[in-house]
Amino acid sequence: MSTAAKTIDLSFRAKVDRLRRELQKTDFGSALSVSDFDGFQARLQQLCRDYSRQSLNKLITEHLAPHFDHVRSFEKALAISFQQDATASFVWSAVLAVIECTCRHAEVMSQTFEQMKDFYRSFPEFDNYVNLFPNNISLQFLLQDLYEVYASFSLFTIGYISKRPWTHLASNLFSSKSRRTFSSIKKTWEETKLEFEKATRLAFRSHMLGACKVNHGQSGRFQPPPKTANMPKPHNYFVGRGKTLASLLGLLTPLAWTPGSRPPSCLIHAMGGMGKTQVALAYAQQYASLYKYRLWVNAESPETLVDSFNAISIMLDLGPGSIDAVHHWMQSTKEPWLIVFDNVEPATIDSLDLALPTEAVEQSAIIVTSQLEELKHRTDAAMPLDSLDARSGAQLLLKCLRYDVAKVSAAEMKLLEEVSEMLGGHSLALAHIGGYMSESKHRLAFFRDFFNERWQHYAWGGRTLVEQYEKRLEIVWDLALDELPANAHQLLNIMAFLNPDGIPQDWLVQELMVGEGWGFPSELCRNELLDMTRSLNKRCLISQDSVTAGDGVEQDVYVIHRSLQVALRLKLDQSTEERELAFGHALALLERVSPVANRLQIPTPAFWPQFRITNPHVLSLCNAFSTAHPPIQGTLSLATLLYNAGFHVFETWNPNTRDGVFMLSTAEKVLDTIGYDEGRLRADISCMMSFLIDILGPSRWSESLARRQNVLDIRKALMIASGETDNPEDVSVDPESEHLYYNAANDLGLSYLQCFEFDKAEELFVKCFERYKQWGSVDDVPFEYGKYYHNMSIVRAYQGAHESAINMAQIGSEIKLKTDGNSSRYLWFQYDLACVLLQAGRLRDALDLHLEVLKGRETICGSRAEVTLQSLYTVGAMHYHLGEHEQAE
């Protein structure tokens with residue numbers, strides 16, 4: 001053992017001995033006899049029996065048990081690093097001592113367990129990191145520092161709680177000085193943990209650099225322990241459904257499945273709020289041992305579906321990729337997988353057909369959840385999800401009410417079952433009313449009487465099950481929302497206008513800091529938000545989750561059920577003043593977090609990751625604005641936000657063209673409504689609209705031509721006004737206005753190309769090029785030079801100047817490759833180059849290039865994207881004309 005290693009070993013043993021001695025001084029020294037996790041569990045069960053009156057088992061199950069794996073990881077890491085028995089560090093002894101101390105002071109039990117939960121769940125997977133580098137000195141130093149903080153947390157908690165009870169009452173547990181001490185401990189923990197993770201990354205890079213020398217320069221990058229699942233957190237209140245899960249298992253694990261064929265699939269369908277998503281999550285959790293990989297796809301829209309596959313691709317270390325990249329992995333991996341397509345809406349049906357996997361090596365499975373029963377024709381089996389029976393509904397209410405099951409009388413259980421039947425066994429309604437009753441402290445009989453009173457005013461004649469269900473939810477929400485604290489209610493109203501699947505916590509903190517009317521000191525905003533969301537969470541109106549952003553960083557988000565979101569907006573329609581306030585807050589929030597489109601309308605890839613996060617929320621706001629009745633008053637800020645989002649759809653060649661058209665056309669309607677006469681924003685919107693409607697097909701090309709002519713007129717007027725001259729060629733004009741004018745002239749030339757008016761197109765392209773040369777060289781304005789050479793190659797091809805056309809197309813592609821890399825836009829230029837080669841009679845060269853483009857589009861855009869299908873058809877046609885009929889077929 002080296003000198004450094006001996007020093008670390010002695011230092012760690014000293015820290016362990018200190019914890020042992022300090023624990024012996026307390027009344028809980030017997031905890032030192034715990035030798036392993038099994039011993040800890042045995043002692044814990046005895047404590048639960050001894051303190052059953054304090055509902056210890058329930059508190060541990062809710063607060064601590066989900067995070068014991070984190071502590072086990074820490075214990076294993078210590079054993080690996082310091083080469084000693086895992087029990088020698090007294091990690092579980094400390095946990096047991098804190099719990100036993102807390103049990104003796106029931107008045108602080110809930111608060112203490114909350115502190116322990118927050119601390120333990122912050123533990124990373126230490127053993128996975130240490131396993132990579134068990135002898136790394138830096139990691140060992142940091143790990144023993146973390147152990148010291150862990151010991152301090154445990155000992156301070158025991159010492160503080162052991163004070164006489166009247167001290168707690170007088171000073172309010174965990175306030176003032178004690179809070180500062182806890183905060184200091186947690187801060188030290190977080191700082192040391194970050195240093196530990198940083199040291200792991202450095203160790204990995206050093207390892208890879210060494211591997212590079214051995215392997216002749218092969219490069220590598222840091223990879224944390226691989227993730228095998230991206231499932232959302234299951235709901236805490238899931239109950240029953242045992243038969244449902246068993247039936248689902250039978251449908252998804254048939255004995256006759258053949259390797260290499262499509263995995264078995266099942267549709268779970270029911271009305272909104274019945275628990276489809278939670279059943280899928282419960283299946284994934286209960287039968288996790290059957291599937292090495294468990295994958296989750298948000299299938300609410302084509303955009304969220306594509307984004308989910310991209311996230312899965314990154315998680316699997318395939319890099320940012322398309323559906324095809326994930327499909328290829330699914331077809332080749334020898335590990336079984338489960339994939340869930342959650343909440344398929346009508347707009348996503350076509351995308352679902354293309355996204356469903358078709359092959360697997362090992363027996364895998366596909367689950368689809370939706371309100372659409374007709375999807376059963378797209379899966380092997382279908383399972384309608386029934387309402388909860390009275391007993392299961394009562395169990396759900398018990399969980400939400402946080403009742404101790406052992407103390408519930410027969411009369412109370414009968415009342416719970418009665419309420420469950422009144423609500424039709426609908427999971428969402430039961431969860432909401434249970435959460436409300438828990439927070440409001442009303443007795444169940446109060447709700448039963450309230451519900452019956454409201455229910456008898458409802459005319460039953462001819463009402464469908466769906467209408468009955470909606471009415472039940474309406475009654476529940478009327479009660480739950482009316483008694484919300486004002487700030488929490490306003491926050492919920494803001495969430496009603498955002499994407500329900502993940503509203504970042506940091507956005508809402510920023511809203512409380514700078515949004516109008518909140519009035520909180522900036523340093524308290526996060527705590528205020530946590531108080532509000534805790535109230536909403538306990539009432540089961542929202543839930544909290546964490547998602548991994550594009551940079552790999554986990555982000556806390558809030559989730560709200562779509563049915564509640566729609567109900568909130570309908571309720572706000574009845575109070576336009578309150579609605580305007582909530583909508584204004586949501587709009588201002590999105591303005592703060594959304595990127596702004598490039599003023600010269602040049603694609604800016606640096607903004608794309610943030611646009612991918614914000615655009616679903618902007619689309620949600622746009623949908624809410626468009627369906628509001630009476631209408632919401634539009635503003636210039638709203639129109640600008642919608643334009644920015646629509647521009648992103650254009651600049652990325654986003655597959656959801658219709659979403660872009662929807663947002664841009666809504667922006668135009670807003671400008672019409674508010675009487676906006678200034679031309680700049682109108683021209684910006686119409687310019688992007690012309691590109692997007694081009695993609696929709698030739699039937700709208702005449703509209704595109706008219707728009708571009710109008711944009712050119714507006715740009716010309718603005719440019720002349722900026723230079724106080726009647727001559728648009730005057731060099732005194734504003735450079736930005738000049739740039740946009742010549743962009744518009746180029747765009748009009750594109751429409752002339754579509755109309756086969758090549759002379760008009762050439763005139764505009766040449767005019768633009770002369771101005772580009774005045775702006776600088778190809779290195780100064782590559783976007784403009786690339787456009788010119790690409791567009792003129794098409795003109796020259798149709799003029800029969802084939803060699804000139806080929807040369808220009810090649811120059812345009814080379815420029816685009818330098819500026820954009822191997823992107824979808826570069827492949828567009830390459831596709832047109834192949835078409836020019838075909839016009840020149842170089843069929844084989846054209847086919848070879850079309851094959852390259854097809855392969856690139858399959859990788860970047862996906863095999864089902866419109867541009868990929870265009871390439872596929874072109875390659876087939878080329879093979880046919882070359883007499884290669886088998887390849888064509």
Side-chain angles (χ1 to χ4, degrees), residues 234-248 266-283 286 342-343 367 369-373 382-403 405 408 410-438 442-456 458 460 463-480 539-541 543 561-564 566-567:
H235 205 291
N236 291 331
Y237 303 126
F238 184 82
V239 296
R241 303 292 192 190
K243 292 182 179 179
T244 299
L245 294 175
S247 298
L248 190 56
C266 182
L267 167 70
I268 304 174
H269 63 90
M271 294 180 292
M274 292 289 285
K276 303 179 292 296
T277 298
Q278 294 306 314
V279 167
L281 285 170
Y283 177 87
Q286 184 162 326
D342 184 49
N343 192 40
I367 295 176
T369 74
S370 179
Q371 297 186 43
L372 308 173
E373 185 180 358
M383 176 181 290
L385 196 61
D386 297 325
S387 303
L388 292 172
D389 58 46
R391 189 71 178 181
S392 295
Q395 291 174 346
L396 175 55
L397 283 170
L398 281 173
K399 276 199 168 187
C400 297
L401 290 165
R402 300 172 177 82
Y403 280 8
V405 181
V408 176
E412 287 174 319
M413 182 59 73
K414 183 178 179 181
L415 179 57
L416 289 166
E417 292 179 0
E418 183 181 347
V419 170
S420 175
E421 289 178 335
M422 289 169 59
L423 294 177
H426 294 295
S427 301
L428 185 62
L430 288 165
H432 285 326
I433 205 59
Y436 162 74
M437 300 300 293
S438 174
H442 287 307
R443 301 186 64 81
L444 278 170
F446 166 82
F447 171 72
R448 179 194 58 191
D449 297 341
F450 173 86
F451 187 92
N452 280 330
E453 181 183 351
R454 293 288 304 275
W455 196 247
Q456 63 184 333
Y458 182 57
W460 279 90
R463 299 293 182 181
T464 66
L465 288 175
V466 174
E467 290 174 318
Q468 294 175 28
Y469 166 62
E470 290 175 346
K471 189 62 181 179
R472 287 186 175 102
L473 280 177
E474 180 185 329
I475 295 173
V476 168
W477 285 332
D478 280 349
L479 180 63
R539 293 171 183 259
C540 302
L541 295 171
S543 59
H561 200 282
R562 290 172 184 79
S563 298
L564 173 58
V566 171

Worksheet entry | Check against side-chain contact (heavy atoms from CB on, under 4.5 Å), Met274 and Gln371 | CA-CA 10 Å; Met274 292 289 285; Gln371 297 186 43; over 6 Å; no
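- A distance of 8.5 Å separates CG of Asp389 from NZ of Lys243, quoted to the nearest 0.5 Å.
- Shown here are the salt bridge (Lys or Arg N to Asp or Glu O under 4.0 Å) partners of Glu373, two or more places apart in sequence or in another chain: Lys376.
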Fill in: Residue pair Leu385, Arg241: steps toward the side-chain contact (heavy atoms from CB on, under 4.5 Å) verdict
CA-CA 9 Å; Leu385 196 61; Arg241 303 292 192 190; 3.7 Å; yes
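- Taking OG1 of Thr244 as the reference point, atom CD1 of Ile268 lies at 8.5 Å (rounded to 0.5 Å).
- In this structure, OG1 in Thr369 is found 13.0 Å from CE in Met383, a value given to the nearest 0.5 Å.
- Interatomic distance, Asp342 CG to Gln278 CD, rounded to the nearest 0.5 Å: 9.0 Å.
- If you take CG on Asp386 and OG on Ser392, they are separated by 11.5 Å, rounding to the nearest 0.5 Å.
- Arg562 is linked by a salt bridge (Lys or Arg N to Asp or Glu O under 4.0 Å) to Glu300, Asp501, counting only residues two or more places apart in sequence or in another chain.
- When all heavy atoms are compared, the tightest approach of Leu248 to Cys266 is CD1-SG, 3.7 Å.
- Across every non-hydrogen atom of Ser563 and Leu428, the tightest pair is CB-CD2, 4.1 Å.
- The two atoms that bring Leu397 and Ser420 nearest to each other are CD1-N, 4.3 Å, heavy atoms only.
- Here Leu267 contributes atom CG and Leu372 contributes atom CG; the two are 8.5 Å apart, rounded to the nearest 0.5 Å.
- Contact record, Leu416 with Ala394: CB-CB, 3.7 Å, taken as the closest heavy-atom pair.
- Side chain of Lys276 to backbone of Met271: a donor-acceptor contact under 3.5 angstrom is found.
- Considering every non-hydrogen atom in both Tyr283 and Ile367, the closest pair reads CD2-CD1, 3.7 Å.
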